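All of these numbers come straight from a predicted model, not from anything done at the bench. For the single chain, residues carry numbers from 1 onward in sequence order. Every number for a ligand or one of its atoms is a count from 1 in the order of the listing.
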Amino acid sequence: MSIFLNNEFDCMLTDEMKNAIYQAISQSEKAKINIYLIGGIVRDLILKNQIKDIDIAVEGDAVCFAEKLVQHLNCEIISAQENLRTAKVKFPSGIEIDFASTREEQYLDSGMLPVACNFGCELEKDVKRRDFTINTLALILTGDEKFKLIDYFDGYGDISNKQIKILHDKSFIDDPSRIIRALKFKKRFDFEIEQNTSSLIDEYLNNINKNMPLERIKNELRQYFSIKKQNIYGEVIKTRAYKLISDNPVQDFNYSRLLEITDYELIDEKDIWFIFICLLLVNDNYHKEKLNMTAFEIKVLDEVNELLSEKNIKLNDNERIYKLYINKIDLSVAIFYILTGEKSVIKFLTALKQIKVLITGKDLINLGFIPSKYFSELFDKILKEKLKGKLTKKEDEIKFVQKFLKKQSR
Ligand code: ATP
């Protein structure tokens, strides 16, 4: 039985999206090249999820196709990958569409990036390189059968049965980042990982290829840990997927402390994924190069470790709390709190951190001081008083300095 998704196409896409796709369709019919909506967008149309990205497979050369769109319409190619024959095109309405030439992929070395070949091949060959049956669906755009579903692997059935299923048994050996993708789709859609797929995940995790590059895995973990649902960390521990990047993760953590930190708006939401990465890596020798970590990420991990080594110091006075945290990145301090529950962190982030000396060097000169390195000592003295809860106003600071000056001149 043929399935057509005209209704879903009409209801789920904005007018701008539909117009852009129709412009691409008209070009494909002129050029007699078949194009298809492919992958995540078709899955999401069926699931009636919000559509964010539009991917179109071109049974031909997608870069040439994109150039035609630029010639005939007011479109712009905003990026192109010549080696993969893909192009991102911006339409006059601002809508962006990713065009990719159909292709096959060969994994010459397990876990390494595949070699792409046979560009412009039939769609059926292209879908065989994909990860899960639910992501193999395509929607015909060119010709008389518009919006007809092409489903070589019964992806439609698996969506209906909420199953995440790989296409062949070597899938995770070829690309272990698919393990994290499986967890991502499971969590995002409340699906189950099909039994054989789940056994193959276990099998792979018992025999990990230690030479594999970790960049794609990190990228998938970033997406996975950005899902706003409970127990996303626990799932990585329970399934042992952590083994892809760490031998010794923090096994458990206090979720309410994470909520507390986010409630206080002490960290940027976009950094939350990295908190989980830190929990995985903090006990381990993190593979800085293999994980392609940024200087910021390395600094946060190093600072968390530094703070953990000071954990036993009882922090009861404000000055010590201030000195310990003030030169650290907020995210490092927040992670230290999540790991230890050290209350001084909350005191620092919510109150002490905001304490600033109000008078300036100019004020000191006006008060009769001659500029010298003594200024910084003076500022330090004022700060100490403020951390004790004194000198809350600028006038108080001025009075303090004047008193200090008198004492010195006696
Ligand atoms: P999302 O909504 O997270 O963007 P998506 O399915 O669109 O989900 P993308 O990462 O944008 O995911 O990938 C687009 C398509 O490329 C997928 O639907 C899938 O067919 C294919 N794909 C992506 N990553 C892999 C992979 N590691 N192995 C095989 N196929 C993949």
Side-chain angles (χ1 to χ4, degrees), residues 12-13 17 36-58 62 79 81 84-88 96-107 109-117 121 123-139 149-156 158-159 163-191 193 197 200-201 204 209 212-229 232 241 244 273:
M12 305 286 305
L13 298 179
M17 286 173 166
Y36 307 84
L37 284 182
I38 188 92
I41 181 169
V42 184
R43 177 200 68 215
D44 288 339
L45 281 174
I46 296 168
L47 284 168
K48 303 208 168 24
N49 286 335
Q50 197 199 348
I51 304 299
K52 285 172 278 156
D53 301 324
I54 304 174
D55 287 313
I56 288 186
V58 179
S79 61
Q81 266 186 294
L84 285 182
R85 308 310 293 162
T86 64
K88 190 186 263 304
E96 291 172 10
I97 297 185
D98 284 306
F99 291 91
S101 309
T102 47
R103 64 173 188 262
E104 290 186 272
E105 283 179 350
Q106 286 174 351
Y107 287 85
D109 215 344
S110 296
M112 301 298 156
L113 284 178
V115 176
C117 56
C121 63
L123 179 76
E124 183 170 6
K125 289 185 175 156
D126 176 281
V127 294
K128 285 186 181 155
R129 71 179 167 87
R130 293 177 185 265
D131 49 1
F132 305 111
T133 59
I134 60 169
N135 289 338
T136 59
L137 294 161
L139 215 55
L149 190 69
I150 306 283
D151 184 4
Y152 294 110
F153 290 94
D154 192 24
Y156 190 84
D158 286 334
I159 291 178
Q163 293 288 305
I164 296 157
K165 187 166 158 191
I166 28 118
L167 310 192
H168 59 87
D169 285 3
K170 265 186 79 234
S171 188
F172 297 121
I173 298 173
D174 284 346
D175 180 357
S177 74
R178 292 173 184 159
I179 294 177
I180 307 297
R181 287 179 66 80
L183 297 187
K184 173 176 86 175
F185 294 123
K186 174 181 175 194
K187 205 67 176 170
R188 193 195 286 170
F189 302 136
D190 282 325
F191 278 19
I193 299 177
T197 303
L200 289 164
I201 290 179
Y204 183 81
N209 170 9
M212 70 189 163
L214 300 180
E215 214 178 317
R216 268 185 304 174
I217 290 176
K218 180 184 168 198
N219 189 33
E220 288 300 337
L221 279 169
R222 176 202 296 261
Q223 293 183 39
Y224 174 73
F225 284 137
S226 300
I227 298 174
K228 291 195 190 83
K229 284 196 177 168
I232 46 171
L244 294 170
W273 72 277

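- Classification of E105 and R103 as a salt-bridged pair holds, one side-chain N sitting under 4.0 Å from a carboxylate O.
- Here the side chain of S171 pairs no donor or acceptor atom with the backbone of I166 at under 3.5 angstrom.
- Ligand 1 is approached by R129 to a heavy-atom distance shorter than 4.0 Å.
- Remark: ligand 1 atoms within the under-4.0 Å shell around heavy atoms of G39 are 18 (O).
- Within the model, atoms CD1 of I51 and CZ of R43 stand 8.5 Å from one another, a figure rounded to the nearest 0.5 Å.
- Residue nearest to atom 30 (N) of ligand 1, selected from D44, D131, I166: D131 (by heavy-atom distance).
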Checklist entry - After noting the C-alpha distance and the side-chain angles of M212 and I217, does the key distance pass the side chain to side chain contact (heavy atoms under 4.5 Å, CB included) rule? => result CA-CA 10 Å; M212 70 189 163; I217 290 176; 3.8 Å; yes
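- Distance from atom 26 (C) of ligand 1 to its nearest protein heavy atom, with residue and atom name: D175 OD2, 3.7 Å.
- Using 4.0 Å as the threshold, R188 has a heavy atom nearer than that to some atom of ligand 1.
- In terms of protein heavy-atom proximity, atom 7 (O) of ligand 1 is nearest to G40 CA, 3.7 Å.
- When hydrogens are left out, the protein atom nearest atom 15 (C) of ligand 1 is R130 NH1, 3.7 Å; that is the closest non-hydrogen contact.
- Salt bridge R130/D126: present, at least one basic N to carboxylate O contact under 4.0 Å.
- Distances from ligand 1 to the non-hydrogen atoms of K52 include no value under 4.0 Å.
- Closest to atom 28 (N) of ligand 1, if we only count protein heavy atoms, is R178 NE, 2.9 Å.
- Taking a cutoff of 4.0 Å between a charged side-chain nitrogen and a carboxylate oxygen, D98 and K88 qualify as a salt bridge.
- Shown here, atom 22 (N) of ligand 1 is in close reach of the protein: a heavy atom of it lies under 4.0 Å off.
- The nearest heavy-atom contact from the protein to atom 14 (C) of ligand 1 is D55 OD2, 4.2 Å.
- Using a 30° and 60° split on the angle between ring planes, F132 and F172 fall in the tilted class, from 30° to 60°.
- To the nearest 0.5 Å, the span separating CD on Q50 from CG on D44 amounts to 9.5 Å.
- When hydrogens are left out, the protein atom nearest atom 6 (O) of ligand 1 is R43 NH1, 2.8 Å; that is the closest non-hydrogen contact.
- Shortest contact from atom 4 (O) of ligand 1 to any protein heavy atom: D53 OD2, 4.0 Å.
- Under 4.0 Å is where a charged nitrogen must lie from a carboxylate oxygen, and between D131 and K165 no such pair does.
- For ligand 1 and Q223, the ligand atoms under 4.0 Å from any heavy atom of the residue are 3 (O).
- If you number the atoms of ligand 1 from 1 as listed, the ones under 4.0 Å from a heavy atom of K184 come out as 3 (O).
- Among all non-hydrogen protein atoms, the one lying nearest atom 25 (C) of ligand 1 is R181 NE, 3.6 Å.
- Salt-bridge formation is detected for the pair E220/K184: a Lys NZ or Arg NE/NH1/NH2 atom is positioned less than 4.0 Å from an Asp or Glu carboxylate oxygen.
- Ring-plane geometry between F191 and F189 is classed as tilted, the angle between the planes lying from 30 to 60 degrees on a 0 to 90 degree scale.
- Taking distance alone, with nitrogen or oxygen atoms compared against 3.5 Å, N135 approaches ligand 1 more closely than that limit.
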